[in-house]
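First the structure, in the form of structure tokens, and then the observations on it.
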Amino acid sequence: MTQDVEMKEAQQQPPPPSNSVSSAAAPFTLQHLKEIASLIESGAYLKEVRWIVRAVRLTIMLRRKLRASIVSAFLGFALTPGSDVHSKLSSFIPKEEEHDMDVDTATSGAQGLGKHPLPELEMYCYMLVLIFLIDQKKYNEAKACSSASIARLKNINRRTVDVLASRLYFYYSYSYELTDSLAEIRGKLLELHRMATLRRDELGQETLLNLLLRNYLHYNLYDQAEKLRSKAPRFEAHSNQQFCRYLFYLGKIRTIQLEYTDAKESLLQAARKAPVAARGFRIQCNKWAIIVRLLLGEIPERTVFMQKGMKKALTPYFELTNAVRIGDLELFKTVAEKFSTTFSSDRTHNLIVRLRHNVIRTGLRNISIAYSRISLADVARKLRLDSENPVADAESIVAKAIRDGAIDATIDHANGWMVSKETGDVYSTNEPQFAFNSRIAFCLNMHNEAVRALRFPPNSHKEKESAEKRRERQQQEQELAKHIAEEDDDDF
């Protein structure tokens, strides 16, 4: 009985408040932020950019644990209280309840890093506040904070700030994208890209080029995006993430410009190089790659649609691929109407309209294989052409397919027939040679890329001797020979 009473009493006790857990974890999060600030300070003094990169990565790991009280306490630790930067950043932080502030202010009683904070630490505070505001969905405040950070960045030209500057550029564009006002900052991004080029900030150039391409593609300005991409300076990629984004945008531009082969290579390479954690990005790459392969006349493998974590997102494209593979125009229309919302949100609806011709061609190829002779009226009925004069349309479609080499047949205009030629041995044609040649070309390209990716240590011992060093060496040898000759004369 006593145990039952104790259990009932325990059940009647109210649960602990939800903010107790966050209050307990707040000191540890603040301590981690202080350690990150020390890491940034050491990296700035020693000019170690990799320490700044590590600090940014550690901050992303703490992103979910940020609270308003923690950010305010860290600003008081890293910046001089009452300064312009501290006052400006503190104005963006919302005020929380008093007990949360008491917990954190008690923890933040330690002395700050210095009266005059480093520019790297100041930019880090801007980035931390921006991340917090975006996560809290305070987009208007994020826009104001990002604009202030960009204005401050113009007066800083240090290589240790480049990593933080690239992140601030990204959040600057992202905050305006969330408020659907990307067109307002296009001129600003071009100005920042020019400034980064003059300062030889290659990481900033990569980031800003991708942001500009994203800005243009957001408003379907593909011609301007291609002009910018072709005129931008070329250099070796420094960030794998930025390189993957560049390949994705390049693939989209090539797709719109009907350069499907180059688009396919760029999209597949972006999907392969993207990290496993970037599932949303890899899904987008696979969606566009599937459409491009269908436009090329290829049918993607089933394993593409069954990748881990992508099956649900790629279901509309799987059904679309099935309709194209069968060559059923009616099924293609049904799938396009069923998932029209998904295709519109993915911005692939215009590309799917182009697939109608591929569906008709696939259906016509199946008909030519199945029938040695068939009337054009039956062809129109099997293709389900819903035009006013389906027989005439079928005749023009068959004639174009014969001219393009899609089918091997002839048209009997007198009787209104399509007569298919007998399929011979494929090995008596040039098809095996073309397939073998494409495989050899792929292997050679892979070998050449591997050779270009090799890195060799500098051959300092094989460096050519300059003219000035050669003269000095010859002069020393002459003096030595003269000295030896004089010593020999003394001995005699």
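Keep in mind the model is a prediction, meaning the values are calculated, not measured. One-based numbering along the sequence shown.
A 4.5 Å side-chain heavy-atom check between I150 and Y169 finds at least one atom pair inside the cut-off. Side-chain contact check for L355 versus L320: some heavy-atom pair is nearer than 4.5 Å.
The salt bridge (charged side-chain N to carboxylate O under 4.0 Å, His left out) check on K88 picks up nothing, with sequence neighbours excluded. For R354, there are no salt bridge (charged side-chain N to carboxylate O under 4.0 Å, His left out) partners two or more places apart in sequence or in a different chain. Under the rule for a side-chain contact (heavy atoms from CB on, under 4.5 Å), the partners of K273 that lie at least two apart in sequence or sit in another chain are N240, F243, C244, L247, Q269. Evaluation of the salt bridge (charged side-chain N to carboxylate O under 4.0 Å, His left out) rule for E301 yields R293 as partners, not counting sequence neighbours. With sequence neighbours left out, F170 forms a ring-ring contact (aromatic ring centres under 6.0 Å, His included) with Y174. In terms of the side chain to side chain donor-acceptor pair (under 3.5 Å) criterion, residue partners of R158 (sequence neighbours excluded) are, by chain and number, E120. Residues passing the ring-ring contact (aromatic ring centres under 6.0 Å, His included) test with Y216, sequence neighbours excluded: none. Qualifying salt bridge (charged side-chain N to carboxylate O under 4.0 Å, His left out) partners for E330, counting only residues two or more places apart in sequence or in other chains: none.
The pair E191-R194 does not count as a salt bridge, with every side-chain nitrogen at least 4.0 angstrom from each carboxylate oxygen.
Atoms CD1 and CD, from I185 and E177 in turn, are 9.0 Å apart once rounded to the nearest 0.5 Å. Going from atom CG of L168 over to atom OG1 of T207 covers 10.5 Å, rounded to the nearest 0.5 Å. With values rounded to the nearest 0.5 angstrom, T179 atom OG1 is found 10.0 Å from Y139 atom OH.
Pairs passing the ring pair (Phe, Tyr, Trp, His ring centres under 6.0 Å) check and including a residue from residues 327-352, sequence neighbours excluded, read Y317-F343. Among pairs with a residue in residues 257-285, those fulfilling ring pair (Phe, Tyr, Trp, His ring centres under 6.0 Å) read F248-F281, at least two apart in sequence or across chains. Within the structure, every pair that satisfies the salt bridge (Lys or Arg N to Asp or Glu O under 4.0 Å) test and touches residues 303-320, not counting sequence neighbours, is listed here: E319-K338.
In terms of modelled atom types and a separation under 3.5 Å, the side chain of D162 and the main chain of D201 share no donor-acceptor contact. Of the possible donor and acceptor atoms, one in the side chain of S345 sits under 3.5 Å from a partner among the backbone N and O of T342. A donor-acceptor contact shorter than 3.5 Å is absent between the side chain of S266 and the backbone of A263.
In summary, of the residues considered (T255, L351, D262), a side-chain contact (heavy atoms from CB on, under 4.5 Å) with V292 occurs for T255 alone.
Using modelled atom types and a 3.5 Å distance limit, the side chains of T59 and Y124 yield a donor-acceptor pair. With 3.5 Å as the limit, one finds a donor-acceptor pair spanning the side chains of N322 and R325.
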Under 3.5 Å, sequence neighbours excluded: what are the donor-acceptor pairs made by side chains of residues 50-58?
from : atom 1 : to  : atom 2 : distance (Å)
R50  : NE     : E48 : OE1    : 3.2

